[in-house]
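Note sheet for the following structure.
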Amino acid sequence: MNHHAPNPEHLVLTRRDFLRRCGMGMGAIGLANLLSTVGGVDTARAENIVSPLLPKAPQFPGKAKRVIHIFANGGPSHVDTFDPKPALDKYAGKPLPMENLATERKTGAAFPSPFKFKKYGRSGIEVSDLFSNVAESIDDICVIRSMTADVPNHEPSLMLMNCGDARQIRPSMGSWVTYGLGSDNQNLPGFIAMCPNGYPIQESQNWQAGFLPGAYQGTYIDTSHTKIEDLIQNIKSDYVSLPEQRQQLDLLQKLNERHREKRREDAQLEARIQSFELAYRMQMDASDAFDISREPEFIRKMYGDGTQARQLLITRRLLERGVRFVQVWHGAGQPWDSHDDIQLNHGNLARESDQAIGALLKDLKQRGMLEDTLVIWGGEFGRTPTVELPKPGSNSGKVNGRDHNHHGFSMWLAGGGARGGYVHGATDEFGFAAVENKVHVHDLHATILKLLGFDHEKLTFRHSGRDFRLTDVYGRVVPELIA
């Protein structure tokens, strides 16, 4: 029995209800207005809508305009890559003349590196043969040998490195950067996170927007795929043409306008609408940006074969098209986490990535992009200079791997105003702990923001009654890292 007259509007889902029932994938559906001019109508301007990703000026002129963060997730060993420790050879198989520092698992005797180091470039910086291709650009690289984190565990260390807080939900560094600078291309996400074959530990929390507007969250791409339809699901419609989508958008625009008139603004709802709007526009640019077959053959050969080569070449193409921040993960889980077989595992991982990273640095430089592109390489922590002892459930008992080490590890910066051909800080003679010019993760974040044109204490967002920032209440700029 009907108790009231039927309302035709009830036959149509409200925008809020519709979005609550839909996924939030970037390529799921083109919803709402087109922010760029399509069919001669600038609907964004007509509706007075301002995209949160429009380019913004930094607080002061920065040397870097864009960022590539190459994340060696799992924790690469600094004493096997960028921090040579000949004292380990002297004590090989023997206890160190110091107490082993506490890490996640028990470790034993000194474990010298199975890899050889040699000097490269005019600066003469020593790098292991794992990264001989990267080392060819060492005069453009600033090696930090005195990094420190808080704990020797993956989850909190990943959150600290990516979001500036090991425990609480905070926006990621890429989200802060796009919040501060916007993006130069409104048809592609401002922040993209690429990880082949799945997610790293902590999954999408690594590129979360936290309490920042959702438009600043990283867009995940599984680069194990090669076809654009697999890289970004539903990027193309099999059912309607672009003109037909335009008609659909016009109708949705009218519904949106009615919705706004009746309801107060909803920040989460607006963030979702922005993501769907971006999904529509991506149909124009994404197919081109992710298609490396359009690159000359000599460039593809320069980067090499395999997933790492492909995703780093895609990274350069994304930056050329105005994407602000690209994070490149080595793979799902924690591939650099070598509790066993470090010589085999680190050797394989470096072979997968060294040529491509080296090519990226040279390619950026030859295009004049390295001077204003900041490239960051590293993991969430390093590894112990002592061998990890057998423990059921923790390792395979081979006694040929290293445990996590947050007391001291290495990272490097290149381009974007970083001081090339320079080594900053040092660990002790065995590589267990940073002892000279320590650089905490908060200090690294503060310095990165400085290179981008921001005072880390002033790039803030008001939330829950206080002003939050990437470095929380910590961090100091390390001027020695800046050219």
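FYI, the numbering just counts along the sequence from 1. Not measured: the values here are computed from a predicted model.
Residue Lys56 places its NZ atom among more than 12 non-hydrogen atoms of other residues, nucleotides or ligands, all under 6.0 Å distant. Shown here is Ile169, whose CD1 atom has no more than 12 heavy atoms of other residues, nucleotides or ligands within 6.0 Å. Within 6.0 Å of NZ on Lys450 lie no more than 12 heavy atoms contributed by other residues, nucleotides or ligands. Shown here is Lys362, whose NZ atom has more than 12 heavy atoms of other residues, nucleotides or ligands within 6.0 Å. Heavy atoms of other residues, nucleotides or ligands lying less than 6.0 angstrom from CZ of Phe211 number more than 12. Within 6.0 Å of the CG atom in Asp305, the count of heavy atoms belonging to other residues, nucleotides or ligands does not exceed 12.
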One pair to check against ring pair (Phe, Tyr, Trp, His ring centres under 6.0 Å): Phe71 and His69. What are the steps and the verdict? CA-CA 6 Å; Phe71 210 114; His69 186 187; 5.0 Å; yes
side-chain hydrogen bond (donor to acceptor under 3.5 Å, both in side chains) for Gln311 and Thr223? Distances and angles first, verdict last. CA-CA 6 Å; Gln311 66 177 358; Thr223 44; 2.6 Å; yes
From CA spacing to verdict: side-chain contact (heavy atoms from CB on, under 4.5 Å), Thr386, Phe430: CA-CA 9 Å; Thr386 47; Phe430 304 109; over 6 Å; no
With salt bridge (Lys or Arg N to Asp or Glu O under 4.0 Å) as the test, would you mind laying out the steps for Asp472 and Arg466 before giving the verdict? CA-CA 11 Å; Asp472 196 26; Arg466 64 165 281 199; 3.0 Å; yes
Between Ile299 and Leu313, does the side-chain contact (heavy atoms from CB on, under 4.5 Å) criterion hold? Intermediate values first, please. CA-CA 9 Å; Ile299 291 292; Leu313 183 49; 4.0 Å; yes
Starting from the C-alpha separation in whole Å, work towards a yes-or-no answer on side-chain contact (heavy atoms from CB on, under 4.5 Å) for Met194 and Ile314. CA-CA 10 Å; Met194 298 190 289; Ile314 289 172; 4.0 Å; yes
Please step through side-chain contact (heavy atoms from CB on, under 4.5 Å) for the pair Asn400 and Gln343, ending with a clear verdict. CA-CA 8 Å; Asn400 61 358; Gln343 182 173 5; over 6 Å; no
Could you walk me through whether Ser183 and Asn185 satisfy the side-chain hydrogen bond (donor to acceptor under 3.5 Å, both in side chains) test, starting with their C-alpha distance in whole Å, then the side-chain angles of each, then the deciding distance to 0.1 Å, before giving a yes or no? CA-CA 6 Å; Ser183 183; Asn185 188 334; over 6 Å; no
Start with the C-alpha gap between Arg145 and Ser410, add the side-chain angles, then the distance that decides, and say whether side-chain hydrogen bond (donor to acceptor under 3.5 Å, both in side chains) holds. CA-CA 4 Å; Arg145 289 180 176 166; Ser410 296; 5.3 Å; no
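Between Arg317 and Glu295 there is a salt bridge, since a side-chain N of the basic residue sits under 4.0 Å from a carboxylate O of the acidic one. Look at Lys63 and Asp372 and you find no salt bridge, because none of the NZ, NE, NH1 or NH2 atoms lies under 4.0 Å from a carboxylate O. Salt bridge present: Arg367 and Glu320 bring a charged side-chain N and a carboxylate O closer than 4.0 Å. Taking the charged nitrogens against the carboxylate oxygens, Glu155 and Arg167 have no contact shorter than 4.0 Å, which rules out a salt bridge. Between Arg402 and Glu388 there is no salt bridge, since no side-chain nitrogen of the basic residue lies less than 4.0 Å from a carboxylate oxygen of the acidic one. Using a 4.0 Å cut-off between a side-chain N of Lys or Arg and a carboxylate O of Asp or Glu, Lys116 and Asp129 do not qualify as a salt bridge. Ion pairing between a basic and an acidic side chain is recognised when a charged N comes within 4.0 Å of a carboxylate O; Arg321 and Asp288 show such pairing.
Contact of the Ser146 side chain with the His424 side chain is registered, since non-hydrogen atoms from C-beta on lie closer than 4.5 Å. By the 4.5 Å heavy-atom criterion applied to side chains, Leu470 and Pro171 are not counted as neighbours. Between Thr427 and Phe432 the shortest side-chain heavy-atom distance does not fall below 4.5 Å. Between Leu160 and Asp165, the closest side-chain pair of non-hydrogen atoms is not below 4.5 Å. Side-chain contact between Thr384 and His407 is absent, with no heavy atoms from C-beta onward closer than 4.5 Å. No side-chain heavy atom of Phe111 sits less than 4.5 Å from a side-chain heavy atom of Pro385. When side chains are defined from C-beta on, Thr447 does not count as touching His456, because their heavy atoms never get closer than 4.5 Å. With a 4.5 Å cut-off on side-chain heavy atoms, Val67 and Leu452 count as touching.
Results of the side chain to side chain donor-acceptor pair (under 3.5 Å) test with Glu104 over His406, His404, His339 single out His404 as the only residue that passes. Looking at Asp83, Asp337, Asp403, Asp80 one by one, the single match for salt bridge (charged side-chain N to carboxylate O under 4.0 Å, His left out) with Arg383 turns out to be Asp337. Each of Arg294, Lys301, Arg300 was scored for a salt bridge (charged side-chain N to carboxylate O under 4.0 Å, His left out) with Glu297, with one residue passing: Lys301.
For the atom pair Met302 CE and Asp363 CG, the distance stands at 4.5 Å (nearest 0.5 Å). The line from CE of Met173 to CD1 of Ile448 is 4.5 Å long, rounded to the nearest 0.5 Å. Leu444 contributes atom CG, which lies 6.0 Å from atom CG of Leu413 (distance to the nearest 0.5 angstrom). Gln327 contributes atom CD, which lies 13.5 Å from atom CD1 of Ile221 (distance to the nearest 0.5 angstrom). Atom CG of residue Leu361 and atom CD of residue Gln366 lie 11.5 Å apart, to the nearest 0.5 angstrom. In this structure, Phe325 CZ and Ile68 CD1 are separated by 10.0 Å, a value rounded to the nearest 0.5 Å.
Side-chain atoms of Asn133 never come within 3.5 Å of backbone atoms of Ala356 as a donor-acceptor pair (strictly under, hydrogens ignored). A donor-acceptor distance shorter than 3.5 angstrom exists from the side chain of Arg324 to the backbone of Gly182, with no hydrogens or angles considered. Formation of a donor-acceptor pair under 3.5 Å by the Tyr220 side chain with backbone atoms of Cys195 is found in this model. Side-chain atoms of Ser396 never come within 3.5 Å of backbone atoms of Lys398 as a donor-acceptor pair (strictly under, hydrogens ignored). Looking only at distances, no side-chain donor or acceptor of Ser132 sits under 3.5 Å from a matching main-chain atom of Ser128.
A perpendicular orientation is assigned to the rings of Trp336 and Trp377, their planes being inclined by more than 60° (bins at 30° and 60°). Taking the six-membered ring for Trp and thresholds of 30 and 60 degrees, Phe131 and Phe82 have nearly parallel ring planes, at less than 30 degrees apart. Aromatic ring pairs are classed by plane angle as parallel below 30°, tilted from 30° to 60° and perpendicular above 60°; the pair Tyr179 and Tyr216 is perpendicular.
The shortest heavy-atom contact between Ala434 and Met147 is CB-O, 4.3 Å.
Under the 3.5 Å distance criterion, with hydrogens and angles disregarded, no donor-acceptor pair is assigned to the side chains of Asn395 and Asp340. If you check the side chains of Glu380 and Ser157, you find no donor sitting under 3.5 Å from an acceptor. Using modelled atom types, one finds no donor on one side chain facing an acceptor on the other under 3.5 Å when comparing His440 with Thr148.
Residue pairs meeting the side chain to side chain donor-acceptor pair (under 3.5 Å) criterion with at least one member in residues 198-213, sequence neighbours excluded, are Asn162-Asn206.
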